[in-house]
Amino acid sequence: MTQSISEKLETVRQQALAEIAAASAEGQLYQLKSRYTGKKSDLSAVLADLGALSIDEKRQIGGLANTVKTDVLQAIEDRLSQVVQSTAAASFDATAPGIPCVVGSQHPLTMVLDELKDVFGKMGFAVAEGPEVETDYYNFEALNTPKHHPARDMQDTFYVSDEVLLRTHTSPVQVRLMEKQKPPIRAIMPGRVYRNEEISARSYCLFHQMEGLYIDAHVTFADLKGTIDAFVRNYFGNSVKSKFRPSFFPFTEPSAEVDIQCFLCNSKGCPVCKRTGWLEIMGCGMVDPNVFNAVGINPDEWSGFAFGMGIERIAMLKYDVTDIRLFFENDLRFLEQFKHV
Ligand code: PHE
């Protein structure tokens, strides 16, 4: 009896392998799988009948049936992968036109930041960074702006707690840098800043600034003017003039705001420059001795200047963007316009 069962199993194996080899479609192979190894298959019937056999026969026939099953399953698996591959190869049309892939572009703010880093890098300024979540000390106190100082009103602040806040400007990075590094220092400090301002086309709750700091022996206001003038000519064009207007910042003395000739209307007067022919681009001044004292730098030995500008403001002027919110909305119709800039 075992003889005839094992012969039968052998026949099943041969027949199955032949049909599998001849199959040319995935569906056919799944059908063969269920026909030869499924619940109603000859193989399953043999395994179900083992009960009538002796222990030795059970072992022999059971073992054989299992090998046949494994062989059949393996053959199906192998043939399936061949069939799938050849179908894919047959449906590949090397002459079909390609599918264009969407190429991204740099964000305009990144482009402006990179350009600024480049211009100042050539003047010897290194890049430094600091945290966006700051303490009151670094954002205000060490910058000569004690609690209840009216100048705090210049910057509406998001407080996390009494002593912790989202930095309102990049000036705290100056303090951190001066604490870490002894003069001479020549660095720019780009980064994101936050202000609790009403959102409109001209102001947003977050934006970017780039701070600059230059400290050495005998640095004067003339060095500040020369550096800013060189920057303006390098960045906005060699013929663009800049001028200083007296201003106030608690951490610089004297302080100034820098205007450049409006390059949008050739300083004839347009809506962007409010018909003045001049555009305001940054604040600056000589580092206040109180700031030096707070970080342990001797103001009798060292002097320096600092400046800070808004990156969005520069990008808006450069690319004629009239609404600051566009920089943060990630609308592809806006961003795609910078692909070929
Ligand atoms: N931190 C100032 C602001 O945000 C800008 C500034 C930087 C002014 C450095 C002077 C010197 O308004």
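Whatever order the structure lists them in is the order used to number ligands and atoms, beginning at 1. The first residue of the sequence shown is numbered 1, and numbering continues consecutively from there.
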For this session: Run through Glu211, Glu134, Glu129 and flag the one making a salt bridge (Lys or Arg N to Asp or Glu O under 4.0 Å) with Arg176.
Result: Glu134
Quick check: [X] and ligand 1, any N/O pair under 3.5 Å apart?
{"X": "Arg195", "answer": "yes"}
{"X": "His169", "answer": "yes"}
{"X": "Gln209", "answer": "yes"}

So which bit of [X] gets within less than 4.0 Å of ligand 1, heavy atoms only: side chain, backbone, both or neither?
{"X": "Ser171", "result": "side chain"}
{"X": "Phe307", "result": "backbone"}
{"X": "Met282", "result": "neither"}

Problem set entry | Gap separating the CE atom of Met123 from the OG1 atom of Thr227, nearest 0.5 angstrom | 6.5 Å
Problem set entry | Separation of Cys265 SG from Leu279 CG (nearest 0.5 Å) | 7.5 Å
For this session: Consider only side-chain heavy atoms of I, L, V, M, F, W and Y, link residues closer than 4.5 Å, and tell whether Phe207 and Val133 are in one cluster.
Result: no
Problem set entry | Shared hydrophobic cluster for Tyr138 and Leu165 (ILVMFWY, side-chain gaps under 4.5 Å) | no
At less than 4.0 angstrom from any non-hydrogen atom of [X], what atoms of ligand 1 do you find?
{"X": "Gly308", "result": "6 (C), 7 (C), 9 (C)"}
{"X": "Cys284", "result": "8 (C), 10 (C), 11 (C)"}
{"X": "Ala306", "result": "9 (C), 11 (C)"}

Problem set entry | Aromatic ring proximity, centroids under 6.0 angstrom, Phe305 and Phe221 | no
For this session: Check whether the ring centres of Phe251 and His169 lie less than 6.0 Å apart, and answer yes or no.
Result: yes
Seminar exercise, completed: atom 9 (C) of ligand 1: closest protein heavy atom, distance to 0.1 Å, is Glu211 OE2, 3.2 Å
Problem set entry | atom 2 (C) of ligand 1 [closest protein heavy-atom partner, distance rounded to 0.1 Å] | Phe251 CZ, 3.8 Å
Exercise. Shortest non-hydrogen contact from Phe140 to Tyr159?
Worked result: CE1-OH, 3.9 Å
